[in-house]
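Each remark here refers to the structure printed beneath this line.
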Amino acid sequence: MDIINELKHGKRRAIARAISIIENDDKAARALIKKIFKNSGKSITMGITGPAGAGKSSLIDKISLELKKRGYKPAVLAIDPTSHITGGAILGDRVRMTESTDSGTYIRSMASRGATGAISWSVRNSIRVLEYAGFDPIIIESVGAGQTEIEISKITDITVVVFNPNTGDNIQTIKAGLTEIGDIYLVNKSDLAGANQLFDAVREYIGMTEKNPTIMLTSTKSNKGISELTKKLEGLMSSKKKTKKIQEKSRLETELRDMVLNNVKIKVGTMLDSSSAYEKYLKKVQSKTLDPFEAADKITRLIK
């Protein structure tokens, strides 16, 4: 495959084409991953997540520039809300990452498509494409909504959670379950009113947890904390490299299990669509002559 050779040399058109294949063509994606899989799992991945409006894109722009100055070759995958009309990423222009784009950072938007399992499949394999093209670290910006944040944290080595003092429900967001996923928690836009109060709240709710994460104030407007954040990330990257192989084994086990369960689900769904026994028991449940638990047990025993 000519695309493989072009990927190896970091050709941008080949990278864009390969990620489009991952997103849109299952058969071609399988063939592509088969060629590059042996060389995957070496780059450090960072998940940057948090509520909409927290300033994640601008922050990533600054971090990418700082990492490049330190000799790294970062790339960014931005998971955006899906357009209900086109199915594409509605923030695809990445207008807030202009500086790092101009300096050579590779940035790609991917539509969330509303399915967390699909996110993890496409992101995992897009990471492999970027690794093969020589990028390290690879930064994932998540849509910042519910389960997506948790899922992204499971496939990245470092997770940074970003909050914004302008968002009124931040304290509720903190209580809602972001307390365990972050290695670093940032109160961004720290030049705004309420930043110090939010910083204290984050420290109170999260700072004393077992993970003992770093909590910082940052501002992309004034560059406050950006250099210190990058140094902290650099230290985490160094320590995560040492445990990367063990982490990779665990992730591959999870990935394989998920894929097998998904294959079984599809297979069983196809069987049920053409099963007369399923139709018979369904009618009994619908007529209330059989409860769904008993019906499900009977149908399951028929599956071989």
Side-chain angles (χ1 to χ4, degrees), residues 18-19 21-49 77 79 82 110-132 136-161 177-183 210-211 239-275 278 292-293 296-297 299-304:
I19 294 176
I21 287 170
I22 296 299
E23 287 193 286
N24 303 310
D25 189 337
D26 185 56
K27 190 175 180 181
R30 287 179 179 222
L32 176 63
I33 295 305
K34 191 171 185 178
K35 295 277 186 181
I36 68 175
F37 180 71
K38 279 188 179 179
N39 295 293
S40 66
K42 297 171 185 174
S43 297
I44 291 293
T45 52
M46 297 180 196
I48 313 283
T49 190
L77 286 174
I79 315 299
T82 302
M110 301 179 70
S112 67
R113 302 180 195 276
T116 52
I119 288 173
S120 105
W121 189 91
S122 59
V123 171
R124 276 176 180 140
N125 288 307
S126 296
I127 287 169
R128 286 168 178 145
V129 167
L130 291 170
E131 282 180 314
Y132 197 78
D136 188 11
I138 298 162
I139 301 169
I140 317 297
E141 180 193 355
S142 92
V143 68
Q147 184 58 33
T148 307
E149 293 171 326
I150 310 299
E151 186 155 348
I152 293 297
S153 74
K154 289 179 181 176
I155 60 174
T156 54
D157 300 303
I158 299 164
T159 302
V160 180
V161 181
L178 295 181
T179 57
E180 295 176 7
I181 67 170
D183 297 289
E210 190 177 334
K211 198 169 184 178
S239 64
K240 296 289 183 179
K241 282 278 187 187
K242 295 171 186 173
T243 58
K244 182 73 178 171
K245 283 188 178 179
I246 298 167
Q247 193 70 36
E248 178 73 357
K249 283 184 179 180
S250 174
R251 286 202 188 119
L252 287 171
E253 180 183 0
T254 300
E255 181 178 5
L256 182 59
R257 188 180 182 88
D258 286 347
M259 291 178 77
V260 170
L261 289 172
N262 188 56
N263 287 348
V264 170
K265 184 180 178 181
I266 292 168
K267 187 175 181 179
V268 171
T270 304
M271 287 170 61
L272 293 179
D273 288 342
S274 59
S275 169
Y278 173 74
F293 291 103
D297 287 342
I299 295 164
T300 303
R301 282 194 285 270
L302 296 172
I303 296 171
K304 295 178 182 179

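The chain is numbered in sequence order, starting from 1.
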Would you compute the distance between atom [atom1] of [X] and atom [atom2] of [Y] and round it to the nearest 0.5 angstrom?
| X | Y | atom1 | atom2 | answer |
| --- | --- | --- | --- | --- |
| I127 | I19 | CD1 | CD1 | 10.0 Å |
| E253 | R257 | CD | CZ | 7.5 Å |
| R128 | K42 | CZ | NZ | 13.0 Å |
| E248 | S40 | CD | OG | 5.5 Å |

Quick one: closest heavy-atom pair of [X] and [Y], and the distance?
| X | Y | value |
| --- | --- | --- |
| G182 | V161 | CA-CG2, 4.1 Å |
| I299 | Y278 | CD1-CD1, 3.7 Å |
| L77 | S126 | CD1-CB, 3.7 Å |

Any [X] side-chain heavy atom under 4.5 Å of [Y] side chain:
| X | Y | value |
| --- | --- | --- |
| M46 | I139 | yes |
| I140 | I155 | no |
| K240 | I158 | yes |
| E255 | L252 | yes |
| D183 | D157 | no |
| I21 | V129 | no |
| N125 | L32 | no |

Notebook entry, point to check: Are the side chain of R251 and the backbone N or O of K154 linked by a donor-acceptor pair below 3.5 Å?
Noted result: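 At least one qualifying donor-acceptor pair exists.
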Checklist line | S250 side chain vs I246 backbone, donor-acceptor pair below 3.5 Å | finding: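 Between the backbone of I246 and the side chain of S250 there is no qualifying donor-acceptor contact (under 3.5 Å).
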Using 4.0 Å as the upper bound for N to carboxylate O, is an ion pair formed by [Y] and [X]?
| X | Y | value |
| --- | --- | --- |
| K241 | D136 | yes |
| D297 | R301 | no |
| E131 | K244 | no |

Notebook entry, point to check: Would I33 and I22 count as a side-chain contact (heavy atoms from CB on, under 4.5 Å) if you check the C-alpha gap in whole Å, the side-chain angles of each, and the deciding distance to 0.1 Å?
Noted result: CA-CA 9 Å; I33 295 305; I22 296 299; 3.8 Å; yes
Check: Are more than 12 heavy atoms from other residues, nucleotides or ligands located less than 6.0 Å from atom CD1 of I266?
Finding: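 Counting neighbours around CD1 of I266, more than 12 heavy atoms of other residues, nucleotides or ligands fall under 6.0 Å, so yes.
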